[in-house]
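Computed from a predicted model, the values in this text were never measured in an experiment. Any value given below was found using the heavy atoms of this structure, including those in side chains, with hydrogens, waters and symmetry copies removed.
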Amino acid sequence: MKILVTGGSGFIGMNMVRFFLEKNNVTKVLATYCNKQPKFEHHKLDWVQADLTDPNSHEGLYEGINTVIMCAAITSGAKNIINNPSIFVENNLLINHSTIKYSALSNVKKVIFLSCSIMYPPGENFCKEEDVVLSKIDPRYVGGAHMKLYSEGLCRFFSINSQTQFIAIRHSNCYGPYDKFDPDLSHVFAATIRKVFYEKSEIIIWGQGKEKRDFLFVSDLVSLADNYVSQNFEEKYYLVNAGYGMPISIEELNRKVIAIMKKNYLNVSFDTSQPSIPISIAIDSKKALQTFGWKAETNIDVGIKRTIDWFASQNNIKGEKTLAE
């Protein structure tokens with residue numbers, strides 16, 4: 001089996017690449033990157049430089065590929081989403097449209113499109129796949145939601161008009177090894193890990209910290225992709241949620257990280273002048289369990305510890321800060 005991972009140098013992409021390289025039935029993994037090639041190498045791995053916003057870069061990329069895993073995306077944290085909410089929409093549309101189209105035209109057997117839960121209305125109720133109400137989502141999410149829904153629809157269209165089978169996975173907030181820890185680009189989970197590592201006296205949470213997120217450890221998302229790739233399914237198009245199933249507040253996340261790192265001397269305060277998106281999202285993943293036998297397995301505390309340990313190893317941090325037992 002030959003697999004193409006678009007955006008293989010990114011957070012989720014790198015986790016997909018490393019996992020499928022270890023599968024005995026995978027003979028080759030192609031992974032795209034845009035600017036800087038990662039230093040990671042493997043005898044079954046070929047890196048391909050490509051600007052996937054350019055349709056010409058897709059020509060010939062999918063020849064002989066059995067499965068495409070779509071991880072390429074331009075993402076950022078809340079600050080950039082708030083200040084310039086349209087910045088990611090156009091380029092991600094270009095990437096998704098060409099990837100889906102050329103996969104189908106090249107008769108790729110299976111395509112995995114990583115969507116997200118951005119289109120669900122906020123609240124405490126667990127949203128199923130049909131619970132999309134764009135009129136109720138935060139206005140700053142509208143562009144991204146339309147982009148994801150369009151891409152899902154394109155998957156469905158080509159599943160009808162080609163030989164390619166598609167799955168769109170609306171996953172919740174992923175975290176884990178290879179996440180973005182750059183303070184200007186990171187999402188809330190990675191940003192929290194970084195803050196607790198380096199702060200000496202006080203952790204400042206943007207906003208009130210009451211909003212809840214469903215945090216999914218990246219290896220659980222990879223396992224859903226593996227279930228889909230490794231088995232035969234009849235339907236040409238699937239749409240499923242993938243979440244941990246136990247949302248926690250941003251304040252609780254910070255306190256968990258502090259406790260796991262044994263830095264309880266840190267004071268926690270709140271800065272409501274800083275940008276935040278004060279909404280809570282919960283998603284229902286029962287369909288993924290019923291269809292693919294999948295559910296998230298990684299406890300949030302275990303996932304936090306694994307992420308802390310990975311971050312410490314990448315930054316050569318030794319001593320007290322690495323003791324996350």
Check: [X] side chain, [Y] main-chain N or O, donor-acceptor pair, under 3.5 Å:
{"X": "Lys236", "Y": "Ser162", "answer": "yes"}
{"X": "Ser9", "Y": "Tyr33", "answer": "no"}
{"X": "Thr27", "Y": "Met1", "answer": "yes"}

Flag for Asn241-Tyr120: side-chain donor and acceptor within less than 3.5 Å: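 Checked: Tyr120/Asn241 side chains pair up, N/O donor to acceptor below 3.5 Å.
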Distance-only donor-acceptor check, side chains Tyr150 and His97, under 3.5 Å: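 Side-chain D/A pair, Tyr150 to His97: present.
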All side-chain contact (heavy atoms from CB on, under 4.5 Å) counterparts of Thr53, not counting sequence neighbours: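 For Thr53, the residues satisfying side-chain contact (heavy atoms from CB on, under 4.5 Å) (neighbours in sequence not counted) are Asp51, Asn91, Leu94, Ile95.
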Partner set under side-chain contact (heavy atoms from CB on, under 4.5 Å) for Asn232, not counting sequence neighbours: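 Asn232: side-chain contact (heavy atoms from CB on, under 4.5 Å) contacts with Lys109.
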Set of residues satisfying ring-ring contact (aromatic ring centres under 6.0 Å, His included) with respect to Tyr102, sequence neighbours excluded: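 ring-ring contact (aromatic ring centres under 6.0 Å, His included) list for Tyr102, sorted by chain: His58.
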With sequence neighbours excluded, residues passing ring-ring contact (aromatic ring centres under 6.0 Å, His included) with Phe166: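 Testing Phe166 for ring-ring contact (aromatic ring centres under 6.0 Å, His included), a comparison that skips the adjacent residues, returns none.
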With Phe113, the side-chain contact (heavy atoms from CB on, under 4.5 Å) member among Asn96, Val68, Ile167, Leu154: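 When Asn96, Val68, Ile167, Leu154 are each tested with Phe113, the side-chain contact (heavy atoms from CB on, under 4.5 Å) holds only for Asn96.
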Single hit among Glu152, His171, Arg170 for side chain to side chain donor-acceptor pair (under 3.5 Å) with Ser115: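 With Ser115 as partner, Glu152, His171, Arg170 yield a single side chain to side chain donor-acceptor pair (under 3.5 Å), made by Glu152.
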Side-chain ion pair, Glu199 and Lys263, N-O less than 4.0 Å: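 Looking at Lys263 together with Glu199, the answer is no, because their closest N to O distance does not fall below 4.0 Å.
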Could you give the side-chain donor-acceptor pairs of residues 218-227 under 3.5 Å, partners two or more places apart or in another chain?
from   : atom 1 : to     : atom 2 : distance (Å)
Asp220 : OD1    : Glu297 : N      : 3.2
Asp220 : OD1    : Thr298 : OG1    : 3.4
Asp220 : OD2    : Glu297 : N      : 3.4
Asp220 : OD2    : Thr298 : N      : 3.1
Asp220 : OD2    : Thr298 : OG1    : 3.0
Ser223 : OG     : Asp220 : O      : 2.7
Ser223 : OG     : Trp294 : NE1    : 2.9
Asp226 : OD1    : Lys23  : NZ     : 3.1
Asp226 : OD1    : Ser230 : OG     : 2.8
Asp226 : OD2    : Lys23  : NZ     : 3.4
Asn227 : ND2    : Phe292 : O      : 3.2

Glu211: side chain to side chain donor-acceptor pair (under 3.5 Å) partners, not counting sequence neighbours: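 Result, side chain to side chain donor-acceptor pair (under 3.5 Å) vs Glu211: none returned.
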NZ or CZ of Lys110 within 45° of Tyr228 ring axis and under 6.0 Å: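 Ring-cation test returns yes.
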